[in-house]
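Accompanying notes for the structure given below.
When reading the values below, keep in mind they use all heavy atoms of this one structure, side chains included, and skip hydrogens, waters and symmetry mates. A, B, ... follow the sequence lines: proteins, then strands. Residue 1 opens every chain.
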Amino acid sequence: MTYDPQELEPRWQNVWAEQEAFKAQIDKSKQKFYCLEMFPYPSGHMHMGHVRNYSIGDAMARFHRLMGKNVLYPMGYDSFGMPAENAAKKEGGHPHKVTHSNISSIRSDQERMGYSYDWSRFLATSDVDYYKWNQDMFLTLNERGLVERRMAPVNWCVDCDTVLANEQVKNNRCWRCGLEVVQKDMAQWFLRMTEYSDELLDELDNISFPENVKTMQRNWIGRSNGAHIDFPVDGTDSVIGVFTTRPDTIFGVTFVTVSPEHELCEQLCAGTKWEGGWRNLKEECAKISEFERINMLKDKKGVFLGKNAINPISGEKVPIYAGNFVVSSYGTGAVMGVPGHDQRDFDFAKEYELEIKRVLIEDNGDIPDSPQHRAFEGYGQMVNSSIAGFDGLSGEQAKQAVISTLEESGSGRGKVEYRLKDWLLSRQRFWGTPIPMIHCESCGVVPVPREDLPVQLPLDVIFTEEQSGNPLASHSSFVDTRCPSCGINARRETDTMDTFYDSSWYFMRFCDANNDSEPFDRQAVDYWMNDGVDLYIGGIEHAVMHLLYARFFTKFTRDSGMNDVGEPFGRLVCQGMLNAPAPYCSECNSEYHVDYSGSDCPSCGDQLSSRSAKMSKSLGNTVSPEDMISKYGADTVRLFILFGANPEAGMDWSDSALEANNRQIYSIIDAFESSLNFTNSPSDIDHWLSARLRENHRKWVKAMSDVSLREGVMVSHFQMLSDWNWYIRRGGRDKSATIQFLKGWAPMLAPATPHLAEEFWKKIGQGGIVANLEIENPGENPDDLLTMAKEKFVKDIISSGRNLKTLAERHSKADITKVVIQTSPKWKADLALEAIRLNDENFDFEEEGHRHLKALDVFNNEKTRGEVFQAWSSFTTGSKKKRGRIHTWSDGEKSLISMEIDETKVINANSGFIATELGVETVEAYGAGQGEDVGGKAKLASPLEPGIAFV
RNA sequence: GCAGGGGUACCCGAGCUGGUCAAAGGGGCCGGACUUAAGCUCCGGUGCAUAGUGCUUCAUGGGUUCAAAUCCCAUCCCCUGCACCA
């Protein structure tokens with residue numbers, strides 16, 4: 001057939017659209033399946049990473065529709081953000097325009113791929129229809145006390161001209177542009193995500209995220225149990241609060257260290273001779289680069305601040321230092337120095353010749369006063385406590401004892417600290433949701449009343465390259481307003497929201513995307529979001545940021561009575577990297593742009609080899625989906641993507657594999673084509689074909705349900721074809737049997753290659769379209785195992801015959817023209833039958849096998865006794881390396897033996913086929929002992945494993 | 001350093017609740033059929049040995065077991081995340 005995907009694919013896409021095949025509606029009588037991909041930022045065209053993401057999602061959506069589920073599979077765009085703003089500056093336009101032209105371009109790419117989205121739920125977060133609900137929910141957050149505006153040291157990216165959330169800083173660099181971030185003090189809007197720290201952490205145990213994602217989130221939340229302890233500063237009213245996870249080491253404190261930025265530093269040393277040293281240290285810490293930070297790990301530095309702190313439990317006075325290794329943002333920004341039991345403190349103490357005290361012993365027999373060469377950081381019995389009642393305690397008990405004592409004296413308490421910080425929401429950028437707040441000179445900060453929403457982004461802003469800062473701030477018609485509470489002139493907030501806010505609830509909006517009276521209807525969300533999104537597919541890069549924010553948001557909306565569910569995502573699948581070859585220098589261990597392929601390493605001059613690397617613009621090893629679609633069609637690209645690797649695994653791009661998948665499609669087409677000429681001509685192999693359909697269907701459903709798409713496709717696009725080919729080879733050509741098979745096959749092709757599936761469905765004369773089909777379960781047929789085992793018996797004879805023939809050829813001078821097959825003698829078959837029967841009764845062959853055998857009649861014949869014994873062992877206990885046959889025969893094979901099938905008859909019935917396959921003129925078969933023992937092969941004959949000789 | 005995940009035949013990749021595993025499937029390569037020929041398609045082969053049940057293989061070295069790619073321990077290497085978090 002002429003296969004023209006450029007004609008065929010759009011044609012079916014139109015049919016789907018006309019029939020609204022993918023429109024989802026609530027139907028409580030059906031089981032729902034919510035399939036979602038992390039929606040894209042519309043950056044112009046779709047890239048291969050998108051293709052992989054959506055091909056996985058689409059296959060699953062289509063599969064579950066075939067399974068009769070009510071599938072919600074929407075698509076939209078995360079369309080606020082910096083790139084559009086930068087592009088607008090460059091082109092002198094407005095981000096709104098840039099965004100919309102990008103959206104239509106990526107959307108048409110997606111449509112060309114044939115993804116089965118319910119486009120009626122389309123949304124773009126930068127549209128006011130969407131972001132007005134951002135604002136609405138911001139007011140709700142505010143009402144619930146989860147919004148806070150405060151001065152805070154923030155991460156500032158000079159290049160992006162805005163602040164960044166902690167999650168957006170990677171290695172002290174901006175996640176977007178890679179520039180190093182600087183610290184700045186600013187008034188900022190925060191969402192109090194830490195209110196949910198415990199739930200965010202604890203719920204991780206109950207959700208099915210991949211383990212690495214859970215770990216990342218756990219690390220990020222970073223809960224630690226410990227104690228807050230106040231150390232009064234000697235001779236002042238000040239108190240230094242420290243956080244420690246090891247209150248059991250309190251008696252070992254020999255100094256206190258605060259971060260150089262700590263507010264107490266100045267108080268303590270101002271005007272003293274110590275002040276200079278502190279200022280130097282502070283300055284040094286403020287401007288150190290990332291590179292120096294890593295070096296600093298080895299180099300602990302500190303300065304004495306001129307005062308002592310008092311250990312609240314022992315009353316001892318210890319010096320206070322400012323230290324470069326204390327993180328100002330964690331805990332209280334101050335730590336107690338216990339050099340005996342913390343390696344960092346130990347290093348510090350050595351450096352500054354501070355006392356090292358042992359207050360825990362490792363083993364019971366250890367001497368409490370022995371000197372230490374390193375810190376002992378484990379748990380152990382307390383020793384050397386300066387007050388009674390503590391020595392001898394260890395671990396949790398010791399910690400508790402210290403905490404209670406501190407609590408009694410009011411100088412400390414048990415405390416849980418988190419690494420997680422509140423979500424810094426505000427951005428000093430234009431292209432985001434305006435924060436609906438108003439600054440009034442007399443009333444302070446006042447929320448915009450709900451009825452005044454939305455606060456719209458002005459469309460009459462001109463963007464230019466020279467511009468710096470936020471254009472909103474200088475746009476007077478936006479900024480100037482009146483105070484909603486007192487009515488005097490006031491100023492609008494010009495900060496906009498982090499775009500992660502937009503993506504924190506879009507999955508709920510999709511449930512009710514066109515609602516214009518509220519963010520979403522509760523009933524709709526409760527239906528679709530029950531147990532969360534059933535399958536959520538996206539990149540690992542969002543493991544902490546998006547996935548944590550979305551979890552937080554869902555809990556907040558739940559607590560506001562907007563929905564029932566507390567965890568937004570059920571099963572999360574993070575698709576693997578898409579790699580492609582890139583030039584590589586093993587000497588320098590680095591990859592280069594594809595422009596260098598074939599030439600020498602630009603830095604060391606060695607010859608460049610090649611290795612696979614993540615597809616990236618900077619390496620130039622990307623592949624354009626459009627090119628591939630126009631060359632092979634969407635179905636081939638989809639098949640390649642799904643067959644190349646399971647969703648989570650990384651995969652390598654390969655042009656030759658893509659071509660091979662294209663050829664596979666042609667072969668499948670041939671199969672469907674050839675059936676059209678068949679007539680009514682039934683044969684035995686027809687039963688085998690339908691047995692294979694049922695078997696493959698069962699395997700396919702299992703694999704697909706597990707999101708093992710590669711395995712699923714292996715069945716639907718490879719195994720099915722190879723079974724078809726075998727059927728043809730065996731002379732099958734019956735119209736009704738093949739139609740039955742193809743009718744079962746066509747829908748199985750739909751998840752990966754939906755256009756082809758529709759074409760075939762029509763070709764074999766079925767009504768309707770596959771997209772609307774609920775697949776019939778072909779069910780089970782009790783004879784299938786037997787049918788397949790019988791065919792396998794023939795296949796095995798051919799397969800081992802082929803091996804043996806090549807061996808035989810070495811020994812035979814004349815041409816081989818005949819194969820003699822001696823089937824198992826009756827007594828062996830009986831023995832096998834007996835073994836199977838006993839095995840079904842859980843007979844213990846190890847213990848009782850021999851006794852049982854000796855009681856059998858066959859064992860009485862002295863001449864064959866040895867052979868009987870051998871056969872029995874090979875059937876039952878097996879040898880050292882091989883298990884007994886009773887364990888290795890399939891159920892079908894066991895039935896063949898149990899039914900005492902006449903192997904000779906089966907072979908004779910298929911002798912023509914066997915002869916052709918083995919390239920001989922005649923096939924002769926008889927039971928061993930009933931004819932000449934050609935080649936002495938009779939003794940090898942065993943049930944289902946006849947002796948084969950070539951002559 | 002800590003945590004998570006890995007190392008399987010020429011390559012990619014399954015298997016890893018121990019036996020049916022010389023190890024699925026694909027790519028590549030080799031051979032055969034078809035063809036005027038190439039391509040396509042189909043069939044076979046692809047550790048070594050061998051007229052069949054044998055030997056050596058699943059990062060390395062040990063161990064458990066009648067039996068290990070699969071379980072345990074140690075080592076080496078790779079990826080990913082966090083990184084002076086008290």
Ring pair (Phe, Tyr, Trp, His ring centres under 6.0 Å) assessment of A:Phe875 paired with A:Trp889: CA-CA 10 Å; A:Phe875 294 155; A:Trp889 278 318; 5.6 Å; yes
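Summarising the geometry of A:Asn225 relative to A:Val416, their closest heavy-atom pair is OD1-CG2, 3.2 Å, with the distance given to 0.1 Å.
A distance of about 10 Å separates the C1' atoms of B:U8 and B:A59, rounded to the whole Å. Separation of the C1' atoms belonging to B:G54 and B:U65 is 23 Å when rounded to the nearest angstrom. Comparing B:C11 with B:C58, their P atoms are spaced 15 Å from each other, to the whole Å. Taking atom P in both B:G39 and B:G32, one finds a spacing of 13 Å when rounded to whole Å. B:U46 and B:G25 have their C1' atoms separated by 15 Å, given to the nearest Å. With P as the reference atom, B:U35 and B:A49 are 35 Å apart, rounded to whole Å. Rounded to whole Å, the P atom of B:A9 lies 36 Å from the corresponding atom of B:A83. Comparing B:A67 with B:G19, their C1' atoms are spaced 6 Å from each other, to the whole Å.
Contact between the side-chain N/O atoms of A:Tyr330 and the OP1/OP2 oxygens of B:A86 is found at a separation under 4.0 Å. OP1 and OP2 of B:C42 both lie 4.0 Å or more from every side-chain N or O belonging to A:Arg729. Within the structure, every side-chain polar atom (N or O) of A:Arg802 is placed at least 4.0 Å from both OP1 and OP2 of B:C43. Contact check, A:Ser708 against B:A14: no side-chain N or O comes under 4.0 Å of OP1 or OP2. Proximity of A:Ser667 to the phosphate of B:C42: a side-chain N or O atom is located under 4.0 Å from OP1 or OP2.
Between A:Glu711 and A:Lys702 there is no salt bridge, since no side-chain nitrogen of the basic residue lies less than 4.0 Å from a carboxylate oxygen of the acidic one. In this structure, A:Asp723 does not pair ionically with A:Arg730, as no charged nitrogen and carboxylate oxygen lie closer than 4.0 Å. A salt bridge links A:Arg802 with A:Glu917; the closest basic N to acidic carboxylate O contact falls under 4.0 Å.
B:U17 makes up no base pair with any nucleotide shown, lacking Watson-Crick or G-U wobble contacts both under 3.5 Å. Base-pair partner of B:U41: B:A33 (Watson-Crick or G-U wobble, both distances under 3.5 Å). When both distances must be under 3.5 Å, the Watson-Crick or G-U wobble mate of B:U46 is B:G28. Under the Watson-Crick and G-U wobble criteria, each requiring two contacts below 3.5 Å, nucleotide B:C71 is paired to B:G63. B:A3 and B:U80 make up a base pair, with Watson-Crick or G-U wobble contacts both under 3.5 Å.
Nearest-nucleotide assignment on RNA chain B puts the 5′-proximal partner with A:Phe718, out of A:Phe718 and A:Ser799.
Among the atoms of the strands shown, none is found under 4.0 Å from any heavy atom of A:Asn803. Contacts of A:Lys937 with the nucleic acid, taken as non-hydrogen atoms under 4.0 Å apart, include base atoms. Looking at heavy-atom distances under 4.0 Å, A:Ala808 makes contact with a base. Contact annotation for A:Val544: no contact, since no heavy-atom pair falls under 4.0 Å across all strands. Nucleic acid contact class of A:Ala334 (heavy atoms, under 4.0 Å, all strands): none. Across all strands shown, A:Thr215 has heavy atoms under 4.0 Å from sugar-phosphate atoms exclusively, and none from any base. Using a 4.0 Å heavy-atom distance criterion, A:Asn212 is classed as a sugar-phosphate-only contact.
Between A:Arg663 atom CZ and B:G28 atom C1' the separation is 11 Å, expressed in whole Å. Remark: P of B:U41 and CD1 of A:Ile728 are 17 Å apart, rounded to the nearest angstrom. Between A:Leu204 atom CG and B:G4 atom C1' there is a gap of 14 Å when expressed in whole angstrom units. The interatomic distance linking A:Asp342 (CG) with B:G1 (P) rounds to 17 Å, in whole Å. Atom CD1 of A:Ile669 is separated from atom P of B:C40 by 15 Å (rounded to the nearest Å). Computed from coordinates, the A:Phe325 CZ to B:C84 C1' distance equals 8 Å when rounded to whole Å.
The side chain of A:Arg419 approaches B:C82 more closely than any other nucleotide in the set B:C82, B:A86, B:G27. Checking B:G26, B:A51, B:A86 against the side-chain heavy atoms of A:Thr245 singles out B:A86 as nearest. Nearest to the side chain of A:Leu807, among B:G52, B:C42, B:G26, sits B:G52. Residue A:Asp670 places its side chain closer to B:U41 than to any other of B:G52, B:U41, B:G28. In this structure, the nucleotide among B:G26, B:A86, B:A14 sitting nearest to the side chain of A:Ser224 is B:A86.
Residues A:Thr636 and A:Asn661 have side chains that never bring a donor and an acceptor to within less than 3.5 angstrom of each other.
Between A:Phe718 and A:Phe643, the ring planes are parallel. Angles under 30° get that label, and only those over 60° would be called perpendicular. Using a 30° and 60° split on the angle between ring planes, A:Tyr666 and A:Tyr3 fall in the perpendicular class, above 60°. A tilted orientation is assigned to the rings of A:Phe255 and A:Phe348, their planes being inclined by 30° to 60°. Ring-plane geometry between A:His542 and A:His546 is classed as perpendicular, the angle between the planes exceeding 60 degrees on a 0 to 90 degree scale with a lower cut at 30.
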Using a cutoff of under 3.5 Å, can you pull out all pairs of nitrogen or oxygen atoms linking the protein to nucleotides 21-24 of chain B, with atom names and distances?
none

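Under a 3.5 Å cut-off, the side chain of A:Arg246 and the backbone N or O of A:Gly226 do not form any donor-acceptor pair.
With contacts defined as side-chain heavy-atom distances shorter than 4.5 Å, the pair A:Leu642/A:Ile56 qualifies.
Contact check of residues 250-260 of chain A against RNA chain B (heavy atom, cut-off under 4.0 Å) returns no residues at all.
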